Amino acid sequence: MLKRHKKEDTIAKKPQTRNTTHVIVSFEDNAMARILFGEQNSHLKYLEDNLKLDVSSRGYHVGLEGSKPAVKLAQDVLMLMWEKVKRHHDLTISDVSAAIRFAKGDRSDMKKKDPHTAKENFYDGKAGIENTASPGKAITPRSPNQSKYIDAMKKHDMVFGIGPAGTGKTYLAVAQAVSLYKQGLIERMVFTRPAVEAGEKLGFLPGDLLEKINPYLRPIYDALGDLMPGDIVAKKIQAGDIEIAPLAFMRGRTLKNAFVVLDEAQNTTAMQMKMFLTRMGEGTRMVITGDPTQVDLPPGTQSGLKEAMTILHNVKDVAFIHFNEKDVVRHKLVTKIIEAYNAYEFRGTRHTD
């Protein structure tokens, strides 16, 4: 249980100014409070650095001092972190980062629909994907848009995950495929990518076509290896239950009772995208992921992903989930890099108009 106080003698406070506010948040359980605070108060320091306010602690009390919006946001984040600890008895820096995203997202478009959705999806395992590598645990969303994405994959047969690298689009799609396979809801998992060179020539590499394009498919293998034992992945590939292949191998086929993921879809041509989407057979679900700002096709070639976004945006039962730099779950510097590039490209576009 959290208790909020305007004043508390247990924590020394700096003199308040007209533009700052000071709040004390207290917790009822010392042991869980230590988990909440993190080793050497690392979680509280993370809050202090990322929310731009002063955070102090003594015993099971936390002092928050800063602007009113920052203090209110920090209180919401602490509430999310506390619920996570109460339900799961663990907390990581990644969880703290996710709590900040959900607290901020809860004030935006999700709040208009359901004020409890964002908060519940952060700490409720039912909002995640069954983690087959750790039975009894779930892969939980790290941002409101990841929550929407997971929900869309559960409810729709075709989902487009669109946005920058590092937002979890591919990993969550692979996780959903593995989960459904383990539950016996699909018979096969198919993962594919267009074999488009991102400014680097691979033709000199030894081996056949599959060996040459293996670098393009490495992220799929990495995700599978994180979700299933390596020897099981190898056996499933040999048995045909898992197929990892370049997009060109999809032509002329009908995929039934499968979960199919098309990754890096921005590098499909319009013809390739139409070919892929029409492979869908009975009992099949498809997830298409890509970043329209990272097209490696030859100049003048229309991206199949961009065209599909235009053509299919009003088609019922096709879901489009859009990610942005705020959903990046890699190193925090990645978010700053994406924001800097977006600002630079915006300035360049504005100057050339």
Side-chain angles (χ1 to χ4, degrees), residues 97 101 104-105 108-109 141-150 152-153 158-174 191-202 213 215-220 222-223 246-247 261-274 276-277 286-315 318-353:
S97 177
R101 292 192 198 95
K104 289 180 176 178
S108 58
D109 61 328
R142 297 289 183 181
S143 73
N145 282 329
Q146 281 197 358
S147 178
K148 293 178 185 178
Y149 186 52
I150 292 173
M153 288 191 291
M158 183 175 291
V159 177
F160 283 77
I162 300 163
T167 51
K169 306 183 303 295
T170 302
Y171 185 86
L172 291 176
V174 176
F191 306 100
T192 185
R193 274 185 163 196
V196 175
E197 295 167 342
E200 299 159 352
K201 301 297 182 183
L202 299 180
I213 65 160
Y216 295 112
L217 303 171
R218 191 72 252 166
I220 304 293
D222 290 344
L247 181 59
V261 179
L262 170 58
D263 197 28
E264 297 291 334
Q266 75 275 6
N267 289 326
T268 61
T269 64
M271 186 177 297
Q272 286 176 327
M273 178 60 79
K274 182 179 179 182
F276 172 78
L277 297 178
M286 285 185 168
V287 176
I288 301 93
T289 71
D291 180 0
T293 69
Q294 297 290 326
V295 177
D296 299 312
L297 294 168
T301 303
Q302 171 71 20
S303 166
L305 176 61
K306 290 184 177 180
E307 184 180 77
M309 290 167 63
T310 300
I311 295 174
L312 303 177
H313 75 282
N314 284 328
V315 175
V318 176
F320 287 86
I321 307 299
H322 293 268
F323 297 87
N324 56 50
E325 64 275 4
K326 294 181 177 63
D327 298 299
V328 173
V329 292
R330 293 179 180 171
H331 193 287
K332 63 181 180 181
L333 188 56
V334 175
T335 299
K336 296 180 180 179
I337 290 171
I338 293 172
E339 290 174 342
Y341 268 90
N342 287 345
Y344 175 80
E345 291 166 1
F346 173 75
R347 289 195 300 270
T349 301
R350 184 176 57 187
H351 292 330
T352 57
D353 285 346

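Please read all numbers here as calculations on a predicted model, not as lab measurements.
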Just wondering, do Pro164 and Thr293 contact through their side chains at under 4.5 Å, heavy atoms? no

Close side-chain approach of Met273 and Leu262, heavy atoms under 4.5 Å: yes

Without swapping roles, check the side chain of Gln266 against the backbone of Gln294 for a donor-acceptor pair under 3.5 Å. yes

All heavy atoms of Asn267 vs all of Gln272, minimum pair found to be O-OE1, 4.0 Å

Taking the side chain as everything from C-beta on, heavy atoms only, tell me whether Pro219 gets closer than 4.5 Å to Glu264. no

If the plane angle is over 60° it's perpendicular, under 30° parallel, otherwise tilted; pick one for Tyr149 and Phe323. perpendicular

Close side-chain approach of Phe320 and Leu312, heavy atoms under 4.5 Å: yes

Could you tell me whether the side chain of Lys169 and the main chain of Gly163 form a donor-acceptor pair under 3.5 Å? yes

Verdict with reasoning, Leu247 to Phe276, per side-chain contact (heavy atoms from CB on, under 4.5 Å): CA-CA 8 Å; Leu247 181 59; Phe276 172 78; 3.8 Å; yes

Side chains of Met158 and Val315, heavy atoms from C-beta outward: is any pair under 4.5 Å? no

In terms of heavy-atom contacts, Ser147 and Pro141 come closest through N-CB, 3.5 Å

Val287 versus Ala173, closest heavy-atom pair with distance: CG1-CB, 3.8 Å

So, the side chain of Thr289 versus the backbone of Gly161: is there a donor-acceptor pair under 3.5 Å, distance only? no

Spacing of Thr310 atom OG1 and Leu305 atom CG [to the nearest 0.5 Å]: 9.5 Å

Does any non-hydrogen side-chain atom of Thr192 lie less than 4.5 Å from one of Val261? no

Quick check: closest heavy atoms across Ala265 and Ser303, and the distance to 0.1 Å? O-OG, 4.5 Å

Nearest heavy atoms of Ala165 and Asp291, plus distance in Å: N-OD2, 4.2 Å

If we only count heavy atoms from C-beta on, is the Thr268 to Ile288 side-chain gap below 4.5 Å? no

Step-by-step side chain to side chain donor-acceptor pair (under 3.5 Å) determination, Asp327 to Thr167: CA-CA 5 Å; Asp327 298 299; Thr167 51; over 6 Å; no

Would you check if the side chain of Gln146 reaches a backbone N or O of Arg142 as a donor-acceptor pair within less than 3.5 Å? yes

Can you name the closest pair of heavy atoms from Lys306 and Val295 and give their distance? CE-CG2, 4.1 Å

Could you walk me through whether Phe191 and Thr170 pass the side-chain contact (heavy atoms from CB on, under 4.5 Å) check? CA-CA 10 Å; Phe191 306 100; Thr170 302; over 6 Å; no

